[in-house]
Amino acid sequence: MSEFKVDLSNCDREPIHIPGQIQSHGFLVVLDQDSNVSHCSDNIYDLLQQDYTTLLGSPLQYVELLLGNDCPPGFITNLLSLERINKSFEQINPVKMEVLDKLYYLIISTAADNYLLEFEPVLSDALSDVQKMMGHSISKMLADKNFQSLLDNTALQVKNTIHYDRVMIYRFAEDGHGEVVAEAKNDDLGSWFGLHYPASDIPKQARELYKKNLTRIIADVHTKPSKILTLAYNGQQPLDLTCSQLRAVSPIHIQYLKNMGVASSFSISLLVKNELWGLIACHNYTPSFIDYRSRESSKLLGQILSSALEFRQEEIHQHTQEVFKNNLDKVTKQLQETTAIEDALTKYPVNLLDITHASGAILVYEKNIIKLGITPDNIQLTGLMDWLRESNTRPIYHVKSLSAVYPEAIDYSDIASGMMVAVISRELEEYVIFFKPEQVQTITWAGNPEKPVEIDPNGLMQISPRNSFQEWSQTVKATSVGWSIEEISSVLRLKEEVTYAINQKAGAIRLLNEKLQQAYDELDTFSYTISHDLKNPIAAIKSYAQLLAISQVFSDRDQKLLDRIVNRADQMKLMIDAVLDYSRIGRSEFEYKRIDTRELIQEIVKDLDLVYDTRNLTITIGETPELDGEPMMMTQIFSNLIGNAVKYSGHLENANVHIEGTVSDTHICYTVKDNGIGIAPKDLINVFGLFNRMDNVKDIEGSGVGLAIVKRIVEKHKGRIWAESELNEGSVFFVSFNR
Ligand code: ADP
């Protein structure tokens, strides 16, 4: 196997599970599928008094023979078949045997198709003491319910079991760096409690191995490892030592330990929910081997601590989850029972602020921002919203250092270093946003974490093990407490509930619209019928009044009254006709035709002087793009608009009316512009109402019906009508149709 060179680019890939050598305090014999020796460590002579050349390729029986009386023929073969039944060596390991007057533990494990037989020395004071001590240790460990005491006690009990100079409990943070959270040490050593170690101190692949193999001993950093030898034809495949006890240590790690002055190191993995929570890391400053039994006892302590941690974590997790869930249930109920979504989320005693540990929250909904708790101000929020729009974040997005991704946020890092966004609608720019304040933290690193790279004597950059462990303080600013899994799930559920509520409300509005349309249609029919039925009695009133006037002679006064009756009856007929026209539009079905707008306008203009005073009037017609619509109705639109323009300007000096159409990608828009008496801007919304006339047109005849009819026709054609005007300046009426 070619040697792997560690440098800046590949440190995380150093194949530490296949180092090609073992630590030399033990011996390794590897069997292939046929139970022949495929590999052995180059120190094997010390165990078996046989040179590796005679051993490699020989059958297991030969090894058994060499191992002597404690290993009768077929003994190891039987152990291997037991593994096939149990599917593990856990119950078999270790087997104690005496080889050439020395006691060894035989520990068997697998590596792909091979069996690893590892022989390690047994230390004399092993078994009985350890077992007694374990019971004692476990009860001491669990004596105190307090979390820190649990950690402290565990460190102490492990120290009592293995007698190392320093035992630390090391906890990994989310970013992979570690912190010493408990420590038991000799009095003469300085404390490392509370120190932080950069993530690069334990590379990724080492962490993976810690998950697979729960204990790891480095017996003596100063001894030379033993090479693993093999027959030439086996040489291609490196031997996987993931499950091995004796696996040699990466030279980088050896140097790291030497730099710390450590001679022996032992670690026990702490797994919580199958993830590496931390390590019990043990250091001895003189070489000190711990035999397999003692390592297993310590492993047990580690496992007990792991379960206690898992239990505790689960307890905290469940409690927080419960609190958030209850609050969210309340908010959901409010969403179902309250018409306004914003009220449901913000106006009740239990609101958005109660579903996470955020200290501030905002709801951005229907162009409003509603703030709860401590939040940035409106200007800051507007900037943040612009950034959110541009950065197109994921539907649930959270950071604990907002200013790292959005630098402007540094101005308000005291209130919003942490941010979690739930996008309700990206198109409408509607969000729920949660904020957490800055939590200034001082981290004391064991050495400057930013300098794991050093220049080697050849001037090349190298990942070299740190050699400075001098305390180095760092203040972490503009960072909040992170967002927990419970908070994220809570916000996720909130987003779902809000979306559901919005959809339901949209459904309700659609239903309401349909009802409204129905009522509208009924009203149309009603007004049509009423107006239609009124026509006859009115005509009769008029006729009778006229008959009366002819058949009798009245005084002047009475004659005037009779004239008024006739006059009012005429007026009423006009109004009824108008209402009939108006409601007819709503009721009629029609066919679209292509309209020659130019011709239509010219016809209208031609007849104007029959009705209005057009002596001072100039009418100009610009572009006249064709329109699609019902021809009679289209004529009504233009004759009303042009008629009004002339009516309300024609009597003035230099009256000008201009008509033109413009075409855009999506619309055709016509404008009718005059320089007449104009409309007060505040009245502009009223001109389209039925029978509405403005104050400045008292002297000009009209019914207040034309624009109402025009508006209805335009809307019937799916178009839009609006006006711009100033009093005494003139007016522009716009009608726009989809293309
Ligand atoms: P009318 O028969 O009174 O003209 P309309 O419905 O056509 O009824 O118009 C409603 C009101 O809008 C008018 O009475 C007038 O006050 C105002 N109006 C409409 N067009 C113009 C215009 N070009 N210039 C000024 N006022 C106008």
Side-chain angles (χ1 to χ4, degrees), residues 524 527 531 567-568 570-586 600-601 604-605 607-622 629 632-661 669-717 719-736:
D524 252 1
S527 47
S531 331
N567 197 297
R568 287 288 135 88
D570 280 342
Q571 238 179 33
M572 204 152 172
K573 182 176 176 300
L574 278 176
M575 285 174 91
I576 288 171
D577 285 344
V579 174
L580 273 174
D581 279 350
Y582 185 80
S583 46
R584 208 173 273 135
I585 300 160
L600 183 149
I601 294 170
I604 295 170
V605 170
D607 294 340
L608 282 174
D609 47 2
L610 299 177
V611 191
Y612 305 107
D613 175 4
T614 54
R615 278 167 301 172
N616 296 324
L617 179 75
T618 317
I619 297 189
T620 49
I621 306 173
M632 280 306 294
M633 291 187 180
M634 282 293 163
T635 313
Q636 251 177 311
I637 296 177
F638 283 99
S639 66
N640 266 298
L641 292 180
I642 298 170
N644 278 351
V646 173
K647 182 162 67 168
Y648 297 115
S649 68
H651 60 289
L652 303 169
E653 294 277 311
N654 298 324
N656 275 313
V657 171
H658 179 71
I659 307 141
E660 72 169 350
C669 184
Y670 266 88
T671 51
V672 179
K673 185 174 177 188
D674 66 62
N675 58 349
I677 61 168
I679 303 161
K682 70 171 175 38
D683 291 335
L684 276 173
I685 44 163
N686 296 322
V687 293
F688 301 103
L690 197 59
F691 303 124
N692 282 359
R693 306 203 72 222
M694 307 305 112
D695 292 341
N696 60 342
V697 299
K698 294 251 164 62
D699 303 333
I700 305 170
E701 230 177 84
S703 64
V705 173
L707 285 182
I709 290 182
V710 169
K711 182 166 193 277
R712 235 180 160 196
I713 295 176
V714 170
E715 283 170 359
K716 189 94 180 164
H717 283 77
R720 226 158 56 79
I721 181 163
W722 70 101
E724 287 171 6
S725 187
E726 289 291 341
L727 273 181
N728 304 319
E729 298 272 326
S731 314
V732 193
F733 280 81
F734 300 81
V735 248
S736 155

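Read the numbers this way: they start at 1 and go in the same order the structure lists the ligands and their atoms.
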Colleague: Main chain of N686, side chain of N692: is a donor-acceptor contact present, judged purely on distance under 3.5 Å?
Modeller: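 Indeed, once roles are kept as given, a pair shorter than 3.5 Å links the two residues.
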
Colleague: Just jot down the ligand 1 atoms closer than 4.0 angstrom to any heavy atom of V705, in number order.
Modeller: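 Close to V705: 6 (O), 8 (O).
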
Colleague: With heavy-atom distances below 4.0 Å as the criterion, list the atoms of ligand 1 near R693.
Modeller: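 This gives 1 (P), 3 (O), 14 (O) as the contact atoms.
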
Colleague: Look only at the side chain of D674 and the backbone of S731, and say whether a donor-acceptor pair between them is shorter than 3.5 Å.
Modeller: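 Checking the backbone N and O of S731 against the side chain of D674, a donor-acceptor pair under 3.5 Å is found.
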
Colleague: Are more than 12 heavy atoms, taken from residues, nucleotides or ligands other than K716, located less than 6.0 Å from that residue's NZ atom?
Modeller: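 It does: K716 NZ has more than 12 such atoms within range.
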
Colleague: Which is closest to atom 8 (O) of ligand 1 by heavy-atom distance: S725, G704, A723, G702?
Modeller: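 Among S725, G704, A723, G702, the closest heavy atom to atom 8 (O) of ligand 1 belongs to G704.
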
Colleague: Among all the protein's non-hydrogen atoms, which is closest to atom 21 (C) of ligand 1, and how far away is it?
Modeller: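 Here the nearest protein heavy atom works out to Y648 CD1, 3.3 Å.
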
Colleague: Among protein heavy atoms, which lies nearest atom 26 (N) of ligand 1, and at what distance?
Modeller: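 For this ligand atom, the closest protein heavy atom is I679 CG1, 3.3 Å.
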
Colleague: Tell me whether the rings of F734 and W722 are parallel (<30°), tilted (30 to 60°) or perpendicular (>60°).
Modeller: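 F734 and W722: parallel rings.
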
Colleague: In the protein, what heavy atom is nearest to atom 2 (O) of ligand 1, and what distance, to one decimal place, separates them?
Modeller: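 The answer is S703 N, 2.8 Å.
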
Colleague: Considering only non-hydrogen protein atoms, determine which one is nearest to atom 23 (N) of ligand 1 and report residue, atom name and distance to 0.1 Å.
Modeller: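 Result: D674 OD2, 2.9 Å.
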
Colleague: Counting distance only, does the side-chain N/O of N656 pair as donor-acceptor with the main-chain N or O of N675 below 3.5 Å?
Modeller: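 The answer is no, because no donor-acceptor pair under 3.5 Å joins these two groups.
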
Colleague: Using heavy atoms and a threshold below 4.0 Å, how should the contact between F733 and ligand 1 be classified: side chain, backbone, both, or neither?
Modeller: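 The answer is the side chain.
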
Colleague: Checking side chain to side chain contact (heavy atoms under 4.5 Å, CB included) for the pair N644/K647: CA distance, chi angles, key distance, verdict?
Modeller: CA-CA 5 Å; N644 278 351; K647 182 162 67 168; 3.8 Å; yes

Colleague: If the test is side-chain contact (heavy atoms from CB on, under 4.5 Å), which one of N616, L617, D699, I700 qualifies with H651?
Modeller: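 Per the side-chain contact (heavy atoms from CB on, under 4.5 Å) rule, the option paired with H651 is I700, out of N616, L617, D699, I700.
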
Colleague: Any atoms of ligand 1 less than 4.0 Å from a non-hydrogen atom of K647? List them with their elements.
Modeller: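 Once the distances to K647 are compared, the set is 1 (P), 2 (O), 4 (O).
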
Colleague: State the atoms of ligand 1, each with its element, that fall below the 4.0 Å cut-off from a heavy-atom position in M694.
Modeller: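 Under 4.0 Å from M694, ligand 1 has these atoms: 14 (O), 16 (O).
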
Colleague: Heavy-atom distances under 4.0 Å decide this one: backbone, side chain, both or neither, for V687 against ligand 1?
Modeller: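 V687 to ligand 1: contacts from backbone and side chain alike.
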
Colleague: Distance under 4.0 Å to a non-hydrogen atom of V697: what atoms of ligand 1 satisfy this?
Modeller: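 Near V697, the atoms of ligand 1 are 14 (O), 15 (C), 16 (O).
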
Colleague: Report yes or no: does G676 have a heavy atom closer than 4.0 Å to ligand 1?
Modeller: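 Contact check G676 vs ligand 1: negative.
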
Colleague: Using a 4.0 Å heavy-atom threshold (strictly under), name the region of N692 that reaches ligand 1: side chain, backbone, both or neither.
Modeller: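 Contact part for N692 vs ligand 1: backbone (N, CA, C, O).
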
Colleague: Check whether any side-chain N or O of T671 sits under 3.5 Å from a backbone N or O of F733 as a donor-acceptor pair, and report yes or no.
Modeller: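 Not confirmed, T671 side chain does not pair with F733 backbone.
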
